[in-house]
J.: 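Below is a structure I'd like to ask you about.
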Amino acid sequence: MRIRNKLLLAMSVPIGLLIVQVLSVNHFVRELQSAVAFIGSAHAVIEADFVAVEQVVKLRQEVKQLPSAAVVSRTLTETDRAARQAAWDRLTGAIAVITGSRATEKVAPQALSSLTTALARAQREYERTRDLTAEEAADLTILIERAITADQALAGLEEALKAMTVELRRELQLAVDRERTIHDHPVIAGIAIGGTAVLVLIAFTWVYVDRHLVGRITALSRSMLAIAGGTLRAPLPAAEGGDEIAEMAKALSVFRDTAVEVEDQSLRERQIVLDTIEYGVLILDADLRVRMHNRAFRDLWGVPPDGLPPGRPMSALLDALRSRSLHGVPEADWPAYAERRLADIRAADRPPSEWHRPDGRVVQYEVVALPDGGRMLTYFDLTALKRVEAELRAAKEQAELASRAKSDFLASMSHELRTPLNAIIGISEMLKEDAEIDGDTHLEEPLARVLRAGKLLLQLIDEVLDLAKIEAGKLELQPADFDLRALLGDVLETAEPLSDKRGNRLRLDAEPELGRVELDSTRLRQILLNLLSNACKFTERGEVTLSARRTGEWIELAVRDTGIGIEPEHLPRLFQEFHQAGVAKHRKYGGTGLGLAISRRLVRLMGGEISVESEAGTGSVFTVLLPVRLPVAEAEAA
């Protein structure tokens, strides 16, 4: 055999192996091309779907505004019509890209049919709603129903687009995984088939395939894995040449840019929400690096808008604020202070605390742990609130001082007025008696008037003195054991003259055995006489009833009348000092407006409570609830 034939025979093996290798590589390359073509087509469909969904959202917003536009009779301009037509053109164009894609026909034929049906229904309902809006005599209810139907049709179109995108993304991931699985097969086939006989061919294949193809695919795979892991801004390999790998790189770049745009939009929306919050917010990641912050935080610490970029460590932020002396920490203590602050942020277990800064501002500081391991720091500026609290505290102290001074003054003046007034009353009584004995009838009426005025003035002074003593805390109760029913009979007898004067019937409705109680009988008599006096005064030719019930350790005393009653708007202020229920016509009945105020204070001093129920024109019921014996604290104080 000649050398040439041997060489030819020897070459037949590597040539045959080369052919087999070429066929194998061709097979794998065809699969790779198929996967790359599908990925590129799928990315185009996803991008078109993003555009279509955006147009559907705009059209839904427009449909929702059609009824209000019809109400205000707003005429569409040519610009509006052109904008509507442009939106539908972009929508139909994007859906045409989706329906015309081989990836869509392969992955989701049923979803494609649903999408076509949803588009036709949305166009039909939209045109009906638009035509109805253009009619001047269109019924608003029908127009709203048509708008709702059109919005539902557009919503169905949006759901069809989203359903198709979900299915396509799943198939896209499978295609990427399949491409990743087969991209190393040509190298393996070349090594297994070529062997030692095709070292040159293997060397050429290694240089070309591994460095030119595999290297680029590996770099592309690393970028895909990084993006899938959440690193959207991972670097991408250069899309050089016009091969399938370059197309994959371009498609991945479009996908990455879309995802980055969506994430940036989400961050911008969250930042807008944060900037509307009136208190400072600083959000850190798990490594205590700045993630987000709001305008209130920057204003509170004097940080410029570009002075706190994302990713800056919290320790660096503390060092930046150190020079402004807002923390009030000496230089020697700063390292320990900064370390303690960082430890508190990591622990996030301290309750909200107030922070008094050297510049006079008071800040409430709190650290909140986030589910992802990050931290949220909040800063409430309490300076204005603390200032208002201090002012209110000072005003309260001044009011209390003024109230005590008023009570002391009233008590003193009441004593000073009572002495000469008693003399006036006594002398008037003597003169009136002398006039009656001497038969000076012309003096009896003036002296009687002076005597009545003096007694009324003395009663007023007594009430003012009682009120002043109560406010000053100097009123002493004198508890004593007495029979309650006997006291009620005595009180009723005392009130009979006033009842008879107004033509009223006064009666007692009490249990036969009320038992004995241990209270201040004088003050209880004063309370009941006040209530009976008011009831008789505001009732004419009616009935006034004093009732009494005993339940366990409590007694319930009620004064009911059939008089003029009290309007509902006056009930809340009925027990205030110098307040008389009713308008000016009620002033004809007289009175100082102190009786009920004093009665309520006396009842509360004895551990009880007083309430009122009334209806204008039908009468009133005043109810006093008291314990059967004076509370221990009051008794000891007395």
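When reading the values below, keep in mind they use all heavy atoms of this one structure, side chains included, and skip hydrogens, waters and symmetry mates.
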J.: Could you walk me through whether Arg502 and Thr539 pass side chain to side chain contact (heavy atoms under 4.5 Å, CB included), step by step?
T.: CA-CA 7 Å; Arg502 303 289 294 176; Thr539 304; over 6 Å; no

J.: In the structure I gave you, are the side-chain heavy atoms of Thr618 and Thr562 within less than 4.5 Å of one another anywhere?
T.: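 Result no, sub-4.5 Å side-chain heavy-atom pair not found.
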
J.: If we only count heavy atoms from C-beta on, is the Met314 to Leu377 side-chain gap below 4.5 Å?
T.: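 Yes - at least one pair of side-chain heavy atoms lies under 4.5 Å apart.
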
J.: Could you walk me through whether Val559 and Thr545 pass the side chain to side chain contact (heavy atoms under 4.5 Å, CB included) check?
T.: CA-CA 6 Å; Val559 175; Thr545 303; over 6 Å; no

J.: Can you tell if the side chain of Lys396 reaches within under 4.5 Å of the side chain of Arg393, non-hydrogen atoms only?
T.: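 In short, these two side chains do not touch, never coming nearer than 4.5 Å.
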
J.: Between atom CG of Leu625 and atom OG1 of Thr551, what is the distance when rounded to the nearest 0.5 Å?
T.: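 It is 8.5 Å, given to the nearest 0.5 Å.
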
J.: For the CD atom on Glu569, are there more than 12 heavy atoms of other groups (residues, nucleotides or ligands in this structure) within a distance under 6.0 Å?
T.: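 Yes, the 6.0 Å shell around CD holds more than 12 heavy atoms from other groups.
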
J.: Flag the pair Phe380 / Leu385 as yes when at least one side-chain heavy-atom distance between them is below 4.5 Å, and no otherwise.
T.: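 Side chain of Phe380 against side chain of Leu385, heavy atoms only: no contact under 4.5 Å found.
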
J.: What pairs of residues pass the side chain to side chain donor-acceptor pair (under 3.5 Å) test when at least one of them lies in residues 509-518, not counting sequence neighbours?
T.: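 For residues 509-518: Asp481-Arg516, Asp509-Arg549.
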
J.: Any chance you could lay out the side chain to side chain contact (heavy atoms under 4.5 Å, CB included) test for Arg341 and Tyr365, step after step, and finish with the verdict?
T.: CA-CA 12 Å; Arg341 283 292 310 282; Tyr365 165 73; 3.5 Å; yes

J.: Do the side chains of Leu492 and Leu532 get nearer than 4.5 Å, heavy atoms only?
T.: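 Yes; the side chains approach each other to less than 4.5 Å.
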
J.: Would you say that more than 12 heavy atoms from the other residues, nucleotides or ligands in this model lie under 6.0 Å from the CZ of Arg560, or not?
T.: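 Count not over threshold, so no.
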
J.: Among side-chain atoms of Ser599 and Asn530, is any donor-acceptor pair under 3.5 angstrom?
T.: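 Note: Ser599 and Asn530 side chains meet the donor-acceptor criterion.
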
J.: Would you say the side chain of Glu354 lies within less than 4.5 Å of the side chain of Leu382, judging by non-hydrogen atoms?
T.: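 When only atoms from C-beta onward are counted, Glu354 and Leu382 do touch, with a gap below 4.5 Å.
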
J.: Output yes when Arg600 and Glu609 qualify as a salt bridge under the 4.0 Å nitrogen-oxygen rule, no when they do not.
T.: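 No, this pair does not count.
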
J.: Are Leu596 and Leu574 packed together at the side-chain level, in the sense that at least one heavy-atom pair is separated by less than 4.5 angstrom?
T.: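 In short, these two side chains touch, coming nearer than 4.5 Å.
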
J.: Report the residues that fulfil side-chain contact (heavy atoms from CB on, under 4.5 Å) with Glu553, sequence neighbours left out, ordered by chain and then residue number.
T.: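 For Glu553 the side-chain contact (heavy atoms from CB on, under 4.5 Å) partners, ignoring immediate neighbours, are Val628, Arg629.
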
